[in-house]
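Working notes, structure below.
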Amino acid sequence: MSDKEIKEEIRLNGIGASPGICIGKAYLVDKEGVDVVEKYFIDKQNLDNELKRFKTAVKQAVNDLKKIIENIPKEVRNHTGIIETHVALLKDRKIYDKTIETIKNERVNAEWALKKVVTGIKVMFESINDPYLKERSNDINYVSNRIMKILMGSEEVNIAKIDKRVVLVAKDLSPADTSQIQLDKIMGFITDRGGRASHTGIIARTLEIPAVLGLGNATKIINNDDTVIIDGSTGIVIVNPSEQTLNEYKEIETREEEHKAHLSFESCFKAETIDGFRLPVMGNIELPEEVASVLNHGGDGIGLYRTEFQYLTRNDFPTEEELFDNYKKVVESIAPKPVTIRTLDINGDKAVASSNGMDEPNPALGLRAIRYCLERPEIFITQLKAILRAAAFGNVRILFPMISSIDEIHETKKYLNEAADLLEKEQKAYNKNIPFGIMIEVPSTVIMADVMADEADFFSIGTNDLIQYTLAIDRVNMGVAHLYHPLHPAILRMIKHVAYIGNKKGIKVSVCGEMAGDPLNVPVLLGLGIDELSMNPQSIPAVKNMIRSLKMEDLKQFTKEILIRTTTGEVIKIVEASFGNLIG
Ligand code: PEP
Ligand code: MG
């Protein structure tokens, strides 16, 4: 021990994007980056050579990406789209032509010209408070880095060639990087940038690899071969853990694995309370590839198919045919179990391509979800047609996000009828008789639930947004994250009211926000009168297990007790005291 340096344990907090614990050695990708670029002037006689050097580098970058597309494993084939976007971006006029112009006009080296052009674009993008453009700025970063590395002769780390079990640590992982991951080598992801809705987050969840993203400066703190612990559920990363921390987490890891194995074994059993109350437990998905995960974890169907991701990874809008193929695939692969397809919920925390410079100061309160769709009927009708067509192939329900007034329901129905009429004229097979649901995520809709219930076949409470809009807490602002809690008494009263109205009016009420995936919230939701739950697929086994441990009869007194509490802390205390012992 004496000559071995003892490194200090460091704890970092990021965004838990894919649950699970992993302990392993760090492997830094792109640590050096290409931040230091030299500037030098090019003589007139060498200008053609310099231009050729740039063009050859771009050509090589294009070929490299094309090779990656050809070799993509089938699990993540759906992600070739974004790599194709990167190929297109390599030749984009804003980068390619502008760099050539700068080399010629300023007689500077290609690296410097490229850096100047890219910095200009990034400054412009980043000054606009639009998450979509911010994400595109990452794409530009990525492709310019690729060209830069070729120009500078530095080596690109080839993720496909990693030959030991490691935890990947990167500033960001591009879709081209993540698509090359071999499951037997990569134990987890840690990145400086990105969030739950980033590609890395989605792929990590699809592949069930623990991931903590958005750490800010993890690549500056973590060194190659450092031991790291990832806790993908809490978003904690521990670097150089002490002997004691390591042992603690090894124990947690073993316990979680045993618990997971036990729960998965039982996940095929139905979710029924001891006194015979049966409740569907469904999965939330973002990609067709996740259907398998819902089925493997014992889901009774898909309670929320978030369709926006097909729009986020490209620069144009998907066609009816593309959407239809995608939805049909999901509907057929889960049939006869149901799929709730939610229409486009964009802007807010997820912005869409071609949003035409919509530079909203307050996107969560802006032209988001149904509001966006009603403003862009051509985009809305294209999606509605695709959903109605896919509904001819299985058990489909349609769900509309962020409804805040009855007028929006009327207008939505008008477009749904229009979509059906068009399909009739075009003689395409479709099914219009599908349950029409609205998301309850805006306080006005809770208050108007009785009126809304006369217009809808079901309600789905989106607690992620209901909490945001009720408690005035931006769900992506880490600074107020500590105030964001589903067990806030105001939220409980709202859920109770909606469940009561649903019951009185004879329509089912489900909860599909993150709240539903925490087993400790399950007795609360059941007690409040919720009929169905939908959550990320990995949470299904633990939630089903909790339901099987409960008695509806016992929940009556418990529910009365939590509803008279006035603070979140008091509610949590009662919930933990009553059901904490049932958590593995
Ligand atoms: C919600 O708001 O709870 C929800 C399920 O929708 P999203 O997280 O996609 O906004
Ligand atoms: Mg929502």
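Model, not experiment: these values are computed from the prediction. Position 1 is the first residue of the sequence; numbering continues from there. First listed ligand is number 1; within each ligand, the first listed atom is number 1.
- Take the N/O/S atoms of Glu441: the one nearest the Mg ion (ligand 2) is OE1.
- The six-membered or imidazole ring of Phe400 lies near that of Phe436, with a centre-to-centre distance under 6.0 Å.
- Contacts between Asp345 and ligand 1 below 4.0 angstrom, taking non-hydrogen atoms only, involve the side chain exclusively.
- Contact annotation: for Asn284 versus ligand 1, there are no heavy atoms closer than 4.0 Å.
- Residues Glu411 and Lys413 are not paired through a salt bridge, judged by the lack of any N-O separation under 4.0 Å between the basic side chain and the carboxylate.
- Checked against a 3.5 angstrom limit, the closest N/O atoms of Thr463 and ligand 1 fall inside it.
- For ligand 1, one of its N or O atoms has an N or O atom of Glu441 under 3.5 Å away.
- Near Arg306, meaning under 4.0 Å from any of its heavy atoms, are these atoms of ligand 1: 4 (C), 5 (C), 6 (O), 7 (P), 8 (O), 9 (O).
- Shown in contact with Gly462 at under 4.0 Å from a heavy atom are these atoms of ligand 1, numbered in order with element: 1 (C), 2 (O), 3 (O).
- The local environment of NZ in Lys508 is sparse, with at most 12 non-hydrogen atoms from other residues, nucleotides or ligands closer than 6.0 Å.
- Counting heavy atoms under 4.0 Å from ligand 1, residue Arg368 touches it through the side chain alone.
- Take the N/O/S atoms of Asp465: the one nearest the Mg ion (ligand 2) is OD2.
- Contact annotation: Arg342 has at least one heavy atom less than 4.0 Å from an atom of ligand 1.
- In this pair, Tyr415 and Phe380 present their aromatic rings perpendicular. The plane angle is above 60°, beyond the 30 to 60° band.
- Close contacts between ligand 1 and Cys512 involve ligand atoms 5 (C) [criterion: under 4.0 Å to a heavy atom].
- Each of Glu321, Glu320, Glu418 was checked for a side chain to side chain donor-acceptor pair (under 3.5 Å) with Lys385, and the lone residue meeting it is Glu320.
- Ligand-side atoms of ligand 1 in range of Leu304: 5 (C), range being under 4.0 angstrom from any heavy atom.
- Counting non-hydrogen atoms of other residues, nucleotides and ligands closer than 6.0 Å to CZ of Phe558 gives a total above 12.
- Open room surrounds NZ on Lys573; 12 or fewer heavy atoms of other groups in view lie less than 6.0 Å from it.
- Salt-bridge check for Arg389 with Asp325: failed, with every basic side-chain N at 4.0 Å or more from each acidic carboxylate O.
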